[in-house]
Protein chains: 2
Amino acid sequence: MPSSDVPLYLQLAATLRERIQEGVYSAGKPIPFEAAICDEHGVGRMTVRRALAVLREEGLIRTKRGGASVVRAECVRETLILQQNDRLIGRMPSREERSELSLDVGVPLLEVHRVDGTTERFAADRVEIIGH
Amino acid sequence: MPSSDVPLYLQLAATLRERIQEGVYSAGKPIPFEAAICDEHGVGRMTVRRALAVLREEGLIRTKRGGASVVRAECVRETLILQQNDRLIGRMPSREERSELSLDVGVPLLEVHRVDGTTERFAADRVEIIGH
DNA sequence: CCGGATTTGTACGTATGTATT
DNA sequence: GAATACATACGTACAAATCCG
């Protein structure tokens, strides 16, 4: 549906995103192989891979080498209280922080600076912050 | 000096990230052209582009078509108070939200659900949340 | 449990489009 | 308007991880 001057990989990403949100591809289950997507949409593998990268960076899918991409299930979020004068910022983690905290691609980092000077870091998809 | 079984594009990304953090490439100023990076490191253009994509997704650089990538300057953050029982979650924005809120690639979204049922969304690089 | 087939990841090349300088 | 440099999109080949019989 998007106008045709939108790059192919974005049009494809939009189509796949829709299918995820409508449950055609459901949470926890794999989406079709790259080759199948190439065939279905008549595009090259690079275009498919870029489209999947978009969805990965949006946190919608997770990809393992050698296996199909899987629709990410919504995590159960731990509730976290932000105490008075605690400061919080959100940002993307570096590669190192990603492996330290076992973060998937497309998951931001929440950094809480406590009044006492300590800092804690959380995977944004596993916590919900609540005002005290 | 990462071990040599680390993908080329990640080794290159690490090198460039170091230079940014050490100020060799300084905030607000452009880094070398893709072609120059190819030459300096003896790698193909795709490898350079993937390395730059890594840095972009980490929020370290911004790329304009037709011009060199620029080192992102740290934004001045507006302070925002999280009221009692306000709930906050962090996630990556969709492409649509990115254009609505003028978010750069690599900038997460902070979503605040107020007690009164309203929801506000903020660019994570432009706010700092503080507990009330 | 092993091994081969399958599938994704990396890396390169080429050509063309398009925005910036 | 021309040159430059990034963006898209096709292709190939091989490596590495997973899956399955």
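Here is how names work: the chains are called A, B, and so on, in the same order as the sequence lines, proteins then strands, and each is numbered from 1. The basis for the numbers below is simple: all heavy atoms, side chains too, and nothing from hydrogens, waters or symmetry mates.
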(message) Under 4.5 Å between side-chain heavy atoms, counting indirect links through other Ile/Leu/Val/Met/Phe/Trp/Tyr residues: same cluster for A:Y9 and A:Y25 or not?
(response) no

(message) Which Ile, Leu, Val, Met, Phe, Trp or Tyr residues join A:I89 in one cluster when any pair of side-chain heavy atoms under 4.5 Å counts as a link?
(response) none

(message) Which heavy atom of B:L55 sits nearest to which heavy atom of B:A13, and what is that distance?
(response) CD2-O, 3.8 Å

(message) Rounded at 0.5 Å granularity, tell me how far CG in B:D86 sits from CG in B:D116.
(response) 8.0 Å

(message) Between A:R91 and A:E97 (salt bridge meaning N to carboxylate O under 4.0 Å), is one present in this structure?
(response) yes

(request) Check side chain to side chain donor-acceptor pair (under 3.5 Å) between B:E74 and all other residues, then give those that pass, not counting sequence neighbours. (result) B:R77

(message) Once you apply a heavy-atom cut-off of 4.0 Å, does A:S69 come out as touching a base, just sugar-phosphate, or nothing?
(response) nothing

(message) Applying a strict under-4.5 Å side-chain criterion to I, L, V, M, F, W and Y, I'd like to know whether B:M92 and A:L109 cluster together.
(response) no

Cut-off 3.5 Å, no hydrogens considered: what does the side-chain donor-acceptor table look like for residues 122-132 of chain A, sequence neighbours left out?
{"from": "A:D125", "atom 1": "OD2", "to": "A:R72", "atom 2": "NH2", "distance (Å)": "2.7"}
{"from": "A:R126", "atom 1": "NH2", "to": "A:L101", "atom 2": "O", "distance (Å)": "3.2"}
{"from": "A:E128", "atom 1": "OE2", "to": "B:R87", "atom 2": "NH1", "distance (Å)": "2.9"}

(message) Measuring from atom CG of B:L52 to atom CD of B:E57, what distance do you get when rounded to the nearest 0.5 angstrom?
(response) 11.0 Å

For residues 59-66 of chain B, please give each side-chain donor-acceptor pair under 3.5 Å, one per line with the distance, not counting sequence neighbours.
{"from": "B:R62", "atom 1": "NH1", "to": "B:D104", "atom 2": "OD2", "distance (Å)": "3.0"}
{"from": "B:T63", "atom 1": "OG1", "to": "B:R56", "atom 2": "NH1", "distance (Å)": "2.9"}
{"from": "B:T63", "atom 1": "OG1", "to": "B:S69", "atom 2": "OG", "distance (Å)": "2.7"}

(request) Scan nucleotides 14-21 of chain D nucleotide by nucleotide, 5' to 3', and note B when protein non-hydrogen atoms come under 4.0 Å of the base, S if they reach only the sugar-phosphate, - if neither. (result) --SBS---

(message) Treating A:Q11 as the side-chain partner and A:V6 as the backbone partner, does any N or O pair qualify as donor plus acceptor under 3.5 Å?
(response) yes

(request) Please list, by residue number, the residues of residues 47-60 of chain A whose heavy atoms come closer than 4.0 Å to an atom of DNA chain C; answer none if no residue qualifies. (result) A:R49

(request) Please work out which residues in residues 26-42 of chain A have a non-hydrogen atom less than 4.0 Å from an atom of DNA chain C and list them by number. (result) A:F33, A:E34

(request) Just jot down the side chain to side chain donor-acceptor pair (under 3.5 Å) partners of B:Q83, sequence neighbours excluded, or say none. (result) none

(message) Tell me which residues in residues 95-108 of chain B lie within less than 4.0 Å of DNA chain D, going by non-hydrogen atoms.
(response) none

(message) To the closest 0.5 Å, what do you measure between CG (B:L88) and OG1 (B:T119)?
(response) 11.0 Å

(request) Shoot me the first and last contacting nucleotide of DNA chain C against chain A, ordered 5' to 3', at under 4.0 angstrom to non-hydrogen atoms. (result) C:dT7 to C:dT10

(request) Could you pull out all residues at least two apart from A:E96 that satisfy side chain to side chain contact (heavy atoms under 4.5 Å, CB included)? (result) A:S94, A:E100, B:R17

What donor-acceptor contacts under 3.5 angstrom involve side-chain atoms of residues 42-49 of chain A, with partners at least two apart or in another chain?
{"from": "A:R45", "atom 1": "NE", "to": "A:E34", "atom 2": "OE1", "distance (Å)": "2.7"}
{"from": "A:R45", "atom 1": "NH2", "to": "A:E34", "atom 2": "OE1", "distance (Å)": "3.3"}
{"from": "A:R49", "atom 1": "NH1", "to": "A:E34", "atom 2": "OE2", "distance (Å)": "2.8"}

